[in-house]
Chemist: 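Sending over a structure as structure tokens; questions will come in a sec.
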Amino acid sequence: MKRDQRIEEELFPFYALHALTDEERAEVDAYIAVNPEAAARLAALAQDAAGLALMATPIPPSPTVKAVLMARVATDSRAAPAPLPRPAARPEPARRRWGSWGLAAGFAAAVLALIISGGAILNINRQNAGLETAIAGLESTIAGLQAEMGTLRTRNDELQDQLQAREDQLAAYLAPGAITVALGDITGLHPDSVGTLTLHPDDDTATLHVSNLPALDETQTYQAWLIADGTPVSAGTFNVDASGAAIHAIGDAAPGSFEAVGISIEPAGGSDQPTPDRIILLAGLTS
Amino acid sequence: MARVTARDPDAFEHLYDRYAPITLGIIVKIIQDRAEGEEALQESFWRVWNQAATFDPAKGPFRAWLFSIARRQALDLLRRRNVRPQAARDEDEERRFEQAPAPDDVGQAAELAIAAEQMRGALNRLSGEQLQVLELAYFKGLTRQEIARTTGLPLGTVHTRARLGLQNLRSFMGATNDE
């Protein structure tokens, strides 16, 4: 075939340098397709042009590039067999152009999916942790409420007992023939401490009610006294509850058989005679 | 390279260690950006890994094939960045390299360094005008018409300088080898 001087002198160098337009390249391709000698000359020229790459100064890449690349290779070599050789026919340009970017995009999508799923798992874990914290808080609140309920139940029992005592006291007051006298603080040290003694003439017994008395330690006790003809006679010992209240029954307390009633603080087990400066409540009975 | 074709990661790593610096140098010379250059470098080697089976050592040295892939990656980046008409993208660039007659690839880093040194020596002997045209075409991806517009030279002068530049390059390389 006749040598085309224009193509070989004007287009061949830029073909070798990859600097032709599509139309120009097509023209050269068509020319060498039917001219093997021209194709050989072009190949030699391309080899010369390829050497231009060595003009570049080597630049060591950062280790990250290799790390990422080898990670991709490791994943790929485990997941896929070796690809088949590319067919001789020229692939569709757009597909080739974006082929590697497509792979990169696929890889990036896979990584993104892992990141998103990992993020979702982290989010769920975070939510679980939050719910567990909330549950622990609720359980603590429930335990507190249960403890408070127990306290209230105890307090309610105490109030029920006090109410029952008041009702008993009221019943005693209202009983036919009952006589009630009030006991008061004679020391001035316990102004809130009060008491009543209700006499039951039908059986010659009496009921002593006290409230707001000071709490005593285990070495002490309260002792009731009926004073007849100036002589104190023990009417028994008793202790008060946490509120300082107590109900103490007294036998042999016929009306007119004593002229006063008193309460003193004595050593545990009681005394034969009231300690003079430890009498805190006292009431006189007048006929 | 045969081991890379057989999907041997160790062999691929060996190739990377040997050729990555010069390949990154080529890319950075084209796009003038190291960060983007490293992305293109990774994509270039990723393509080598995935298309290793298409490489025919009988048709040319591995490095020529690799450099053409890297150059294309870099020029793609350059085109996307500049958004301006450029030379047609040569889709068969690698195969043309492969088809070109070439000496045996000795596969040694020293050989690569020697070749690079010889090329630099040859390039130094080119005239500045010829070297400029070759560089604008190879490293900037400009068409011959764009080179004419960029340099203000007549199109015919651009043709002449490119043709003589490549001829001299071959001549000087041969002279270097003979020395």
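Order of the sequence lines fixes the chain letters, A, B, ..., with proteins taken first and strands second; residue numbering starts at 1 for each chain. Excluded from the calculations below are hydrogen atoms, water molecules and symmetry mates; all remaining heavy atoms, backbone and side chain alike, are included.
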Chemist: Heavy atoms only, distances under 4.5 angstrom: which of B:Pro21, B:Gly37, B:Ala70 has the most pairs with chain A? Name it, please.
Modeler: B:Pro21

Chemist: Does the side chain of B:Leu169 reach to within under 4.5 Å of the side chain of A:Leu52, using non-hydrogen atoms?
Modeler: yes

Chemist: Which heavy atom of B:Phe139 sits nearest a heavy atom of A:Ala53, and at what distance?
Modeler: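 Looking at all heavy atoms of both residues, the closest pair is CZ-CA, 4.2 Å.
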
Chemist: So, do B:Leu41 and A:Leu69 sit near enough that their side-chain heavy atoms are less than 4.5 Å apart?
Modeler: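 Heavy-atom side-chain distance check fails, nothing below 4.5 Å.
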
Chemist: Taking B:Thr160's backbone N and O only, do any of them form a donor-acceptor pair with A:Glu9's side chain (distance below 3.5 Å, no angle check)?
Modeler: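 No; judged by distance alone, with no hydrogens or angles, the pair does not exist.
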
Chemist: Less than 4.5 Å to any heavy atom of chain B: does that hold for the side chain of A:Thr64, its backbone, both, or neither?
Modeler: neither

Chemist: Can you say whether B:Glu135 sits under 4.5 Å from chain A via the side chain, the backbone, both, or neither, judging by heavy atoms?
Modeler: side chain

Chemist: Any salt bridge between B:Arg144 and A:Glu24, counting N to O under 4.0 Å?
Modeler: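 Salt bridge flag = yes for A:Glu24 with B:Arg144.
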
Chemist: Look up atom CD in A:Glu10 and atom CG in B:Leu155, then write down how far apart they are to the nearest 0.5 Å.
Modeler: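 Going from CD on A:Glu10 over to CG on B:Leu155, the span is 7.0 Å.
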
Chemist: Is atom CD of A:Glu218 surrounded by more than 12 heavy atoms (other residues, nucleotides or ligands) closer than 6.0 Å?
Modeler: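 No, the 6.0 Å shell around CD holds no more than 12 heavy atoms from other groups.
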
Chemist: Among B:Leu142, B:Thr143, B:Leu166, B:Val158, whose side-chain contact (heavy atoms from CB on, under 4.5 Å) with A:Phe14 holds?
Modeler: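 Exactly one candidate clears the test, B:Val158.
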
Chemist: Do NZ/NE/NH1/NH2 and the carboxylate oxygens of B:Glu13 and A:Lys66 come within less than 4.0 Å?
Modeler: yes

Chemist: So what's closer than 4.5 Å to chain A heavy atoms on B:Asp17: side chain, backbone, both or neither?
Modeler: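 It is the side chain, since no backbone atom gets that close.
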
Chemist: With a 4.5 angstrom heavy-atom cut-off, which part of B:Phe45 approaches chain A: side chain, backbone, both or neither?
Modeler: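 Contact with chain A: backbone and side chain both.
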
Chemist: Which pair of heavy atoms, one from A:Val68 and one from B:Gln42, lies closest together, and at what distance?
Modeler: CG1-OE1, 3.4 Å

Chemist: Minimum heavy-atom separation for B:Arg34 to A:Ile59, with atom names?
Modeler: NH1-CG2, 3.3 Å

Chemist: Please classify the contact of B:Leu164 with chain A as side chain, backbone, both or neither, using a heavy-atom distance under 4.5 Å.
Modeler: neither

Chemist: Are any of the side-chain heavy atoms of B:His159 and A:Leu11 separated by less than 4.5 Å?
Modeler: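 Side chain of B:His159 against side chain of A:Leu11, heavy atoms only: no contact under 4.5 Å found.
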
Chemist: Tell me, for B:Ile147 versus chain A, whether the close heavy atoms (under 4.5 Å) come from the side chain, the backbone, both or neither.
Modeler: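 Contact with chain A: side chain only.
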
Chemist: Would you mind checking which part of B:Ile26 comes under 4.5 Å of any heavy atom in chain A, side chain (CB onward), backbone (N, CA, C, O), both or neither?
Modeler: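 Both parts, heavy atoms under 4.5 Å.
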
Chemist: Applying side-chain contact (heavy atoms from CB on, under 4.5 Å) to B:Arg163 and A:Phe12, what does each step give before you reach the verdict?
Modeler: CA-CA 8 Å; B:Arg163 185 179 70 254; A:Phe12 268 21; over 6 Å; no

Chemist: side-chain contact (heavy atoms from CB on, under 4.5 Å), that's the test. Do A:Leu45 and B:Arg170 meet it? Break it down for me.
Modeler: CA-CA 9 Å; A:Leu45 210 55; B:Arg170 182 188 304 174; 4.1 Å; yes

Chemist: Can you see whether B:Trp46 has A:Arg72 sitting over its ring - NZ or CZ less than 6.0 Å from the centre and within 45° of the normal?
Modeler: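 Yes - A:Arg72 lies over the ring of B:Trp46, closer than 6.0 Å to its centre and within 45° of its axis.
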
